[in-house]
Amino acid sequence: GIRQTWPTAVVCGAGFAIGQFISANYVSVELTDIIGSLVALGVTVVFLRVWHPAGTEDALRDLGAAREAETNECGLRLAGSCGNVSSAGSASGRDLGRGRIGMALLPYAIIVAVFSIARLWRPATTFLTESDVEVDWPGLHGELLGTSGKPLTSTVYAIPWLSTPGTLLLICGILVALVYRISPAVATRAYIATAHQLRLAFLTVPSLLAFAYVMNQSGQTLTIGNWIAGTGVAFAFLAPILGWLGAAVTGSDTASNALFATLQQAAGLRAGLNPTLLVAANTTGGVVGKMLSPVHLTIAATAVGIVGREGDLFRYLIRWSAGLILFICVLVYLQFTPVLSWMVP
């Protein structure tokens with residue numbers, strides 16, 4: 001499969017990178033991954049109009065057989081309560097009309113529309129942010145001092161209950177359910193099943209964020225950062241590994257950044273290295289490390305029906321992840337040298 005389709009993967013990856021760059025620098029940071037994905041999808045479709053991989057007929061036949069087997073299993077398990085899986089499962093790739101393709105792409109269009117309105121339309125942005133609630137953390141607010149001797153502002157906890165991306169995605173999910181005519185009972189069961197599947201992530205990520213607050217406000221992060229800065233320029237090579245390990249353990253690039261971004265910044269300032277590039281290296285390493293996270297391995301195994309084989313996935317992915325993080329380490333190091341310093345804004 002890789003030998004047959006690698007040109008498509010290259011085109012898709014290039015489209016994603018270009019879309020990300022344009023969105024992050026000229027459109028909206030929040031829409032970076034979404035716009036990148038849509039650009040990748042568009043260029044891939046256009047590319048496949050003029051280039052066709054070998055083995056297409058065999059692939060369609062295998063996919064059709066897999067869908068038939070899944071449909072039969074679903075019917076036996078749930079006694080026919082799988083909705084429209086039966087009719088969809090028997091369809092081959094050639095049976096997909098514009099209507100079905102449009103309905104498949106509709107959730108992503110809704111996400112782009114909702115986030116664009118929320119982030120780019122000023123009245124909506126103002127309305128959403130005005131609903132944010134700020135809480136002066138009891139016992140800490142006004143009591144913790146920074147290195148300048150002034151109280152830390154991080155003791156004011158903001159609750160963006162309406163403007164947060166999570167709420168916007170919840171709204172998108174409700175809109176998709178309405179358009180797809182999914183009953184409230186089915187939609188509720190889907191949300192409950194998803195919450196149960198991610199129950200450990202719900203516990204892990206907030207706990208790590210709380211731990212990051214403790215480390216940052218107690219000065220531990222700055223202390224460790226100053227110590228690591230002793231490695232000098234060599235830290236530029238090691239910086240992505242921190243993000244890689246953080247995301248592999250926590251399953252979240254956000255949690256990895258919460259743990260190590262301040263550390264990266266402190267080490268960079270101490271060692272005379274660009275702190276912005278080090279923080280970027282942390283989040284880039286985190287993306288590569290997410291594939292090794294037990295949370296994501298479980299989700300992937302569940303999605304493709306191989307529950308219990310997470311260990312097999314890990315043993316296969318560790319090679320790719322290690323190779324990618326080594327490449328990123330070399331890339332980041334060269335960006336601190338005249339060889340690739342032109343890549344840094």
Side-chain angles (χ1 to χ4, degrees), residues 1-64 66-67 88 91-120 165 168-169 172 175-176 179-180 240 253 280-281 283-291 296 299-300 303-304 317 320-321 323-325 327-328 330-332 335 340 342-345:
I2 294 177
R3 288 193 297 268
Q4 294 168 338
T5 60
W6 69 265
T8 311
V10 172
V11 171
C12 181
F16 184 74
I18 293 172
Q20 276 197 321
F21 179 83
I22 294 174
S23 177
N25 288 278
Y26 305 108
V27 183
S28 170
V29 173
E30 291 84 358
L31 293 175
T32 299
D33 283 345
I34 296 176
I35 291 179
S37 300
L38 292 176
V39 172
L41 179 63
V43 298
T44 302
V45 170
V46 173
F47 179 70
L48 290 176
R49 294 285 186 181
V50 297
W51 181 86
H52 302 283
T56 302
E57 296 295 333
D58 295 336
L60 286 174
R61 185 172 58 253
D62 293 341
L63 289 173
R67 281 193 291 265
S92 68
R94 294 189 180 87
D95 297 329
L96 297 177
R98 292 184 178 180
R100 293 188 64 195
I101 294 176
M103 290 296 284
L105 295 175
L106 185 60
Y108 305 98
I110 290 176
I111 291 175
V112 172
V114 170
F115 273 80
S116 297
I117 293 173
R119 294 292 185 255
L120 303 179
L168 297 179
L169 285 174
C172 293
L175 292 176
V176 171
V179 174
Y180 279 8
D253 199 15
T283 191
T284 306
V287 172
V288 177
K290 287 181 70 173
M291 68 175 73
H296 290 277
I299 294 174
V304 298
L317 291 173
W320 294 95
S321 186
L324 286 171
I325 194 62
F327 170 77
I328 292 173
V330 174
L331 176 64
V332 172
Q335 287 176 328
L340 293 180
W342 54 270
M343 295 181 65
V344 183

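The figures here come from the full heavy-atom set of this structure, side chains too, leaving out hydrogens, waters and symmetry mates. These numbers were taken from a predicted model, which means no experiment stands behind them.
- Taking every heavy atom of both residues into account, D253 and T283 meet most closely at OD2-OG1, 2.8 Å.
- If you take CG on L38 and CG on L105, they are separated by 8.5 Å, rounding to the nearest 0.5 Å.
- T284 places none of its side-chain heavy atoms less than 4.5 Å from the side chain of V332.
- Under the 4.5 Å side-chain criterion, counting only non-hydrogen atoms from C-beta, P240 is in contact with I325.
- Sorted pairs that involve residues 43-55 and meet side-chain hydrogen bond (donor to acceptor under 3.5 Å, both in side chains), not counting sequence neighbours, are lacking altogether.
- Inter-residue side-chain proximity for F47 and T8 is flagged as met; some heavy-atom pair is nearer than 4.5 Å.
- Annotation: side chain of W6 is in contact with side chain of V10 (closest heavy-atom distance under 4.5 Å).
- Rounded to the nearest 0.5 angstrom, D33 CG and I111 CD1 are separated by 11.5 Å.
- Taking the side chain as every heavy atom from C-beta outward, W342 and L340 approach each other to under 4.5 Å.
- No side-chain heavy atom of Q20 sits less than 4.5 Å from a side-chain heavy atom of I35.
- Taking OG1 of T32 as the reference point, atom CZ of F21 lies at 11.5 Å (rounded to 0.5 Å).
- Side-chain atoms of S321 come within 3.5 Å of backbone atoms of V288 as a donor-acceptor pair (strictly under, hydrogens ignored).
- Summarising the geometry of M291 relative to L324, their closest heavy-atom pair is CE-CD1, 4.1 Å, with the distance given to 0.1 Å.
- Take V114 and apply the side-chain contact (heavy atoms from CB on, under 4.5 Å) test, not counting sequence neighbours, and it matches I110, L168, C172, L175.
- The backbone N or O of M103 sits less than 3.5 Å from a side-chain atom of Y180, completing a donor-acceptor pair.
- With a 4.5 Å cut-off on side-chain heavy atoms, Y108 and S37 do not count as touching.
- In terms of modelled atom types and a separation under 3.5 Å, the side chain of S23 and the main chain of G19 share no donor-acceptor contact.
- Across T5 and P53, no two heavy atoms sit closer than the pair CG2-CB, 4.1 Å.
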